[in-house]
Amino acid sequence: MAKLTIDGIEVEVPNGSSVLQACEAAGVEIPRFCYHERLSIAGNCRMCLVEIEKTPPKPISSCTYPVADGMVVHTDSPMVRNGRRGVMEFLLINHPLDCPICDQGGECDLQDQAMGYGMDHSRYAENKRAVKDKDLGPLVKTVMTRCIHCTRCIRFITEIAGVPELGATNRGEHMEVGTYVEKALGSELSGNIIDLCPVGALTSKPYAFVARPWELSKVDSVDVLDAVGTNIRVDARGPEVLRILPRLNEDVNEEWLGDKSRFALDGLKRRRLDRPWMRRDGKLHEASWSEAFTAVAEKLRGLSGERIGAVAGDLCDAESMLALKELITSLGSTNLDCRQDGARLDATRRDFYCFNSSIAGIEEADALLIVGSNPRTEAPVLNARIRKRWLASDMPIGLIGDETDLTYATQHIGNAPSALTALRDGSSDIARQLRDAKCPMIIVGQAALARPDGAAVLAACWRLAAEIGALTPTWHGFNVLHTAAARVGALDLGFVPGAQGRDLARMLDGGVDFLWLLGADEFDTARVGRETFVVYQGHHGDRGAHRADVILPGAAYTEKHGTYVNTEGRVQRGALAIYPPGEAREDWTIIRAFSEMIGKTLPYNTLDALREHMTEVNPVFSRVEFLPRFGCSDLTAPAGDPAALSDAPLTPAIANYYQTDPISRASPTMAACTSTFAPAALAAAE
């Protein structure tokens, strides 16, 4: 540890720290443009100047200068003030006077630091330079004349996202930032460069000229468009969500957010269900709530429980799933399922279906095997954490499945689950590396589980984890990576077939006479029996609504208070940012009202009472925002015969990253991304 004095304040920091980091530890603010704690040091903006005693008498950039024992630093001396004013004057020489029309206005680092550290006049009288804007695709808008060459965007795309498509060409005043060959940015994390840009050179293209930051109400919430549970901030004005930004959470998403989660918000106001509907003579007609409830109650009257079923969708909150489960159970049915893709998940133990190492725990792993998963499209933020660990340790990574660019080097073992058998004999390089590792990890994706031999794959991966030392009292290296935000919470609540109950596959093709779909749109609804009466409760007119006999309009995740459990089993809560449109209501209240109408009244009237009941059903729901780290002491494997592994190739769980749910399928921005980045998926859908 090095001891130094900063503006008369003594501080002790680890050796190797920069002077800027020491200043932050002392609580002294240092202006900066190019420095970012998660990116490599560039040292090219020179705004973080300080004066250090016993060094050459000149201002020194604090982000590049290492600390030393006994160092004395001055951050507000006349030399420092003059140096910063000079740097700011040079930065503004060519910066356009765009503040009144710039989308960065009001939250711009250049504005703030020009006010705090700049001069009150300029001595520059020549014409400003102009730079041609670059086309980076449908998400990121560029006004490159504003660029101050901090290179944050270049470093993020190269280091964090792992897609080195941005760079600088030319030198000096002629330097320009852009793609070397004009093309759209092919990264699922590209929107983060908007947050990183300290000026208005990179802004959100869909959000351009929409609102000013002081017009927006801001609500902390949780993203549900994948299973990572990224912490987000929802910015709304009146009845409309205008922007979604990431929040800092070191254990989950650090400060990053996937493009789909950031930009699919325009799907929240399109194809919405804002009133009940009933099907008469083959066509849907508007109805009142009482008419819709009466029609559903009439269909249920006299129906035996074994002919009633319910399916929970991928975006559901835990409150609504528990309410629906208890309603269906009260009707005498155990036909429940949350696995629309047919994944062979074993719900008897929580560590059979969770990401047990935790997302932050990836940074402790020293070897990794990925089976039937593409984390880059299934969980881009989690994939960035894997890349971060790979860069820091050159961690060996084996891959069973489609050989694709995951942004880090992998050893492709095969494209079928049968390749697991070869790993167990320890003859291959990756098998030896997994056995020699202190903290090996296995990640099993839904592509490996949602197939006939899914249970065998799950059991084989667990046994392999035990053999390579991934299951110890201090380390749990067996992980299931989900693609649905509601899946772990549903399994925690037991939203799976009970004794003698039918799963989704058996409920289809006439397996039940009454089917309640709670936001369930990710299966082939054409397979629902023609005589089956379908109730669809959801927020978008998607696949489930097209098949429904009665539609009950629910609330999207930005329109209700909800509890969600991410892939690692972390319980988090989203909050209401705007109210549901029209006559739509929060989902659990719809189910509670219907239960009272049919005389099966659920025992809670308020959200707090429902959440208290949730903790009684499963105590994990009392651990909000807290995820305990644990090892594995019980090596009993999940049900499944590891010898039944198939040679059939694994197919990706997600064919098109940009359209995976009703919200993103309704989004024009995601449609533009699909046509730009995934034209093959668009052609297949048409």
Side-chain angles (χ1 to χ4, degrees), residues 103 134-142 161 163 165 179 182-194 202-211 223-226 230 232 234-236 240-245 257-274 313-315 340 374 376-380 483-485 519-525 538-547 556-559 581 652-686:
D103 279 317
K134 310 297 189 295
D135 184 5
L136 300 184
L139 303 179
V140 181
K141 177 188 175 186
T142 63
V163 183
E165 295 178 348
T179 52
E182 188 165 326
K183 65 188 294 289
L185 284 179
S187 169
E188 297 78 14
L189 296 168
S190 64
N192 292 287
I193 64 177
I194 297 169
L202 302 175
T203 56
S204 170
K205 189 172 284 187
Y207 180 70
F209 309 122
V210 169
D223 171 55
V224 302
L225 300 192
D226 61 27
T230 300
I232 59 174
V234 180
D235 290 358
E240 186 177 355
V241 174
L242 297 182
R243 188 168 64 168
I244 291 178
L245 299 176
L257 180 61
D259 286 349
K260 178 175 58 181
S261 303
R262 182 190 295 266
F263 293 108
L265 58 91
D266 55 350
L268 290 168
K269 59 183 180 181
R270 291 172 172 84
R271 304 185 193 171
R272 290 304 304 269
L273 301 173
D274 58 358
D314 292 350
L315 309 184
Q340 295 183 82
N374 182 344
R376 181 173 173 180
T377 57
E378 295 170 18
T483 57
D521 297 282
E522 308 308 322
F523 69 97
D524 184 7
T525 54
H539 42 76
H540 276 75
D542 208 80
R543 298 163 185 160
H546 289 178
R547 173 59 185 83
Y557 74 103
T558 55
E559 301 159 1
I654 293 179
N656 175 16
Y657 164 72
Y658 296 100
Q659 293 182 323
T660 58
D661 54 82
I663 296 174
S664 59
R665 284 193 288 269
S667 165
T669 303
M670 294 297 98
C673 288
T674 298
S675 63
T676 302
F677 301 110
L682 182 64
E686 293 175 347

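As the structure is a computational prediction, the values presented were derived from the model and not from experiment.
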So Lys205 and Thr142, side chain to side chain contact (heavy atoms under 4.5 Å, CB included) or not? Walk me through it.
-> CA-CA 8 Å; Lys205 189 172 284 187; Thr142 63; over 6 Å; no
Before giving the answer on side chain to side chain contact (heavy atoms under 4.5 Å, CB included), spell out for Thr660 and Glu522 the whole-Å C-alpha distance, their side-chain angles and the decisive distance to 0.1 Å.
-> CA-CA 8 Å; Thr660 58; Glu522 308 308 322; 6.0 Å; no
Closest heavy-atom contact between [X] and [Y]?
X	Y	value
Phe263	Gly191	CE1-CA, 3.9 Å
Pro662	Asp521	CG-OD2, 3.4 Å
Gly186	Phe677	CA-CE2, 4.0 Å
Gly541	Leu273	N-CG, 3.8 Å
Leu225	Ala264	CD1-CB, 3.9 Å
Ser187	Ala161	OG-CB, 3.4 Å

Within the 4.5 Å heavy-atom criterion, are [X] and [Y] side-chain neighbours or not?
X	Y	value
Thr669	Leu139	yes
Thr483	Asp226	no
Ile232	Leu245	no
Pro581	Glu559	yes
Tyr557	Ile663	yes
Cys673	Asp259	no
Ile654	Asn374	no
Gln340	Asp314	yes

Should the pair Arg665-Asp542 be classified as a salt bridge under the 4.0 Å nitrogen-to-oxygen rule?
-> yes
Using a strict cut-off of less than 4.0 Å between a Lys/Arg side-chain nitrogen and an Asp/Glu carboxylate oxygen, indicate whether Glu188 and Arg376 qualify as a salt bridge.
-> yes
Chi angles and distances behind the side chain to side chain contact (heavy atoms under 4.5 Å, CB included) call for Met670, Leu265 = CA-CA 9 Å; Met670 294 297 98; Leu265 58 91; over 6 Å; no
So, [X] side chain and [Y] main chain: donor-acceptor pair closer than 3.5 Å or not?
X	Y	value
Ser261	Leu257	no
His540	Ala545	no
Arg547	Arg543	no

To the nearest 0.5 Å, what is the distance between [atom1] ([X]) and [atom2] ([Y])?
X	Y	atom1	atom2	result
Leu202	Lys134	CG	NZ	10.5 Å
Ile244	Thr230	CD1	OG1	11.0 Å
Tyr657	Glu378	OH	CD	12.0 Å
Thr558	Asp223	OG1	CG	11.0 Å
Leu185	Thr676	CG	OG1	11.5 Å
Lys269	Asp274	NZ	CG	15.0 Å

Only one of Asp235, Asp103, Asp266 clears salt bridge (Lys or Arg N to Asp or Glu O under 4.0 Å) with Arg243; which?
-> Asp235
Verify side chain to side chain donor-acceptor pair (under 3.5 Å) between Lys141 and Ser204, making sure each step is shown before the conclusion.
-> CA-CA 6 Å; Lys141 177 188 175 186; Ser204 170; over 6 Å; no
